[in-house]
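First the structure, in the form of structure tokens, and then the observations on it.
Throughout, protein chains are lettered first and strands after them, A, B, ... in sequence-line order, and every chain is numbered starting at 1. These numbers come from the heavy atoms of this one structure, side chains and all, not from hydrogens, waters or symmetry mates.
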Number of protein chains: 4
Amino acid sequence: MINNVVLVGRLTKDVELRYTPQNQAVATFTLAVNRQFKNANGEREADFINVVIWRQSAENLANWAKKGALLGITGRIQTRNYENTQGQRVYVTEVVADNFQMLESRAARDGGGQTGGGYTPTPSQPNTSNFGGNQPSQTQSSASTPDFGRDSDPFSGGTPMNLSDDDLPF
Amino acid sequence: MINNVVLVGRLTKDVELRYTPQNQAVATFTLAVNRQFKNANGEREADFINVVIWRQSAENLANWAKKGALLGITGRIQTRNYENTQGQRVYVTEVVADNFQMLESRAARDGGGQTGGGYTPTPSQPNTSNFGGNQPSQTQSSASTPDFGRDSDPFSGGTPMNLSDDDLPF
Amino acid sequence: MINNVVLVGRLTKDVELRYTPQNQAVATFTLAVNRQFKNANGEREADFINVVIWRQSAENLANWAKKGALLGITGRIQTRNYENTQGQRVYVTEVVADNFQMLESRAARDGGGQTGGGYTPTPSQPNTSNFGGNQPSQTQSSASTPDFGRDSDPFSGGTPMNLSDDDLPF
Amino acid sequence: MINNVVLVGRLTKDVELRYTPQNQAVATFTLAVNRQFKNANGEREADFINVVIWRQSAENLANWAKKGALLGITGRIQTRNYENTQGQRVYVTEVVADNFQMLESRAARDGGGQTGGGYTPTPSQPNTSNFGGNQPSQTQSSASTPDFGRDSDPFSGGTPMNLSDDDLPF
DNA sequence: TTTT
DNA sequence: TTTT
């Protein structure tokens, strides 16, 4: 079974951080993800997707990400249900993030200016730092400076691309 | 903005096919996607994810995929809301698939036996055919027989892999 | 930064399992992933994608997955380079899987028959078991049997879907 | 078969735009995607991933995205091979993007300053506009202002979250 | 011959 | 020197 989600969108408000009775940190937030297309009225709508993130990532996110921040997450779709105070069963579909990525803080969007009213932590390098992630993955050796510039590789500027329309499915 | 979902799971029942007043085909179904981990009681739970698919893909899917079928889809998360018959606003989070892939039909799972009761179309090659997909993507030239078996490429069996634990982040 | 890959394809041959000097298991294999579209000659081509997987998942995969098996993986794209025996720098782009999913074993495809020649472990439920995965993700409570049959939810069969072509972007 | 890739990274240089003999636009570029983890020396490495994009998206991207820009793409992994000028077969693994998303232009990163040397088109809202995408997907009706603040929904601030550590798999 |  |  595979259940894989990637979202990039903006926080509709500040992240809410809570703790379970056993003191596990949980953060919840909603991402507004603009659609790729316009509706019949020529407007671009958005999907408002609820996301949950746990533990250290939850605390990091709550510290850094404020309303309007551009955020990337990877995770999975979760469904669950509970009984509400009227005794009705409520069904919930949400995303559980296992990782997040700040792509643009509000500070950055404002051109580096402070947002006023209380302390806003300002990272020295405000964008696209890696906060999320519980456990690192594995890796092998890797390059710091690959080159790709050989022969008739299409990524080389040297030789003209060997392309014909036979290569195109249209 | 990015909104990308991949699911592989089983149909909880037969696909429901409807038509809009303007005669657009829409299919709805629920995928049961088993989780990767067990809960506190040692049970493996599943997420039950609602999916919508449109047009030709909807009709193809409804023709082929029956309860229990293993299905892969790619798409996006959509949120919408409507007012129910009691005048309450209902919020829906679901997946809009733009593509699907039969990974195992019930016929295949049953060892090729017919499922009885009405006509069941039996593909000559029942698994992993491509039904879904509205518009093909683009491609360039491509290989039918790459080899990867040269030099000290780790995919070659020839030379021993040049691996040290320095390459491992653990 | 986000780097997310999902593949479902067939093993071009048996998985190769090796160990690093520090005794870390690594498995390498190639997935043949058929394309969604046909080329100019009406043929369906495939991409042959090299994949690496580490540690316990590597050993599990090597035990279970044989040539022709249908496999799902999630992971990331990795680039690296090394110097070959002729002193040339070789650039490699491959996928590092952090998880795999058997979707169909050869045994299953053959209708449950043994594959002969040595012992083939036969799972009681041969398909879509979860072998891969290093660390479980987090979850909250969840349902085992949601029903989705309330009100005018479009996933309910009760009330007709409230759909108009105004909802369609085409 | 499923072949799905999502990347967010930075352009290692300006996009290269070419045309096939049949006048199809193709853009090639490399994304530097920083890894989530540090290597044995405490350095954060990157993967340098070659990407191809076609037609209108290619022209849009080449117009807007300059070296250092933060870019999101969705697409698939493609393998192909060709014979180089020495008569050797060269194997290529790259990503074919079907969509892109500008997440931060250099202009935005520089605090709105011009980049000098020639005309740089400055979008009124420089980030996260939707340039890419050949064909829109389908949609149904959708909400512009969901509220999520009802009952004991965990996304509501009203009632305390009904969480226990039984919900946690660790 | 790689981004920040 | 590739899967079905």
Side-chain angles (χ1 to χ4, degrees), chain A residues 101-104 108 123-130 142-150 153 155-158, chain B residues 101-104 108 123-130 142-150 155-157, chain C residues 1 7-16 28-35 44-51 65-71 79 81 89 91 103-104 106 108-110, chain D residues 1 7-16 28-35 44-51 65-71 79 81 89 91 103-104 106 108-110:
Chain A
Q101 177 73 44
M102 289 287 314
L103 297 173
E104 183 205 77
S124 57
Q125 191 187 353
N127 291 347
T128 64
S129 313
N130 286 295
S142 79
S144 30
T145 51
D147 92 10
F148 298 115
R150 298 144 298 145
D153 189 298
F155 280 87
S156 149
Chain B
Q101 176 75 44
M102 290 287 314
L103 296 172
E104 183 205 76
S124 56
Q125 190 188 355
N127 290 348
T128 65
S129 312
N130 286 294
S142 79
S144 29
T145 52
D147 95 2
F148 299 113
R150 298 143 297 147
F155 280 88
S156 149
Chain C
M1 307 296 194
L7 301 175
V8 173
R10 290 193 186 277
L11 282 177
T12 60
K13 39 182 156 161
D14 288 5
V15 170
E16 292 187 37
T28 55
F29 56 97
T30 300
L31 281 183
V33 184
N34 296 134
R35 296 187 178 166
R44 186 178 302 283
E45 298 177 10
D47 294 292
F48 296 90
I49 302 170
N50 291 333
V51 187
K66 300 301 169 193
K67 179 177 174 172
L70 187 67
L71 208 67
T79 60
N81 64 76
R89 193 129 291 264
Y91 294 89
L103 297 172
E104 184 205 75
R106 176 144 65 172
R109 208 166 71 245
D110 292 348
Chain D
M1 307 296 195
L7 301 175
V8 173
R10 290 192 186 277
L11 282 176
T12 60
K13 38 180 158 161
D14 289 4
V15 169
E16 292 187 38
T28 54
F29 56 97
T30 299
L31 280 183
V33 184
N34 296 135
R35 296 188 179 165
R44 187 178 302 283
E45 298 178 9
D47 295 292
F48 296 91
I49 303 169
N50 291 332
V51 187
K66 301 301 169 192
K67 179 178 174 172
L70 187 67
L71 208 67
T79 60
N81 64 76
R89 193 130 294 263
Y91 295 91
L103 297 173
E104 183 205 75
R106 175 145 65 172
R109 206 167 72 246
D110 292 348

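- Qualifying side-chain contact (heavy atoms from CB on, under 4.5 Å) partners for D:A32, counting only residues two or more places apart in sequence or in other chains: D:T12, D:F48.
- The nearest whole Å value for the distance from the CD atom in C:E104 to the C1' atom in F:dT3 is 11 Å.
- Taking atom CG of residue D:D14 and atom C1' of nucleotide E:dT3, one finds them 12 Å apart after rounding to whole Å.
- As a whole-Å value, the separation of C:K13 NZ from F:dT3 P is 10 Å.
- In the set E:dT3, F:dT2, F:dT3, the nucleotide with an atom closest to the side chain of C:M1 is E:dT3.
- Side-chain contact check for C:L7 versus D:M1: every heavy-atom pair is 4.5 Å or farther apart.
- Taking the side chain of C:T30 as heavy atoms from C-beta on, and the options F:dT2, E:dT2, F:dT3, the nearest nucleotide is F:dT2.
- Closest to the side chain of C:T12, out of E:dT3, E:dT2, F:dT2, is F:dT2.
- Atom CG in C:L31 sits about 13 Å away from atom C1' in F:dT4, given to the nearest Å.
- Look at CG on A:L103: it is 20 Å from P on E:dT3, rounded to the nearest Å.
- Protein atom CG of D:L7 is 21 Å distant from nucleotide atom P of E:dT2, rounded to whole Å.
- The two residues D:K67 and D:D14 make their nearest non-hydrogen contact at N-OD1, 2.8 Å.
- For the pair D:R10 CZ and E:dT2 C1', the computed distance is 14 Å after rounding to whole Å.
- Test D:L71, D:L70, D:L31 against D:V8 for side-chain contact (heavy atoms from CB on, under 4.5 Å) and you get one pass: D:L70.
- Per the geometry, CZ belonging to D:R44 stands 18 Å off C1' belonging to E:dT2, to the nearest Å.
- Among F:dT3, E:dT4, F:dT2, the nucleotide with an atom closest to any side-chain atom of C:N34 is F:dT3.
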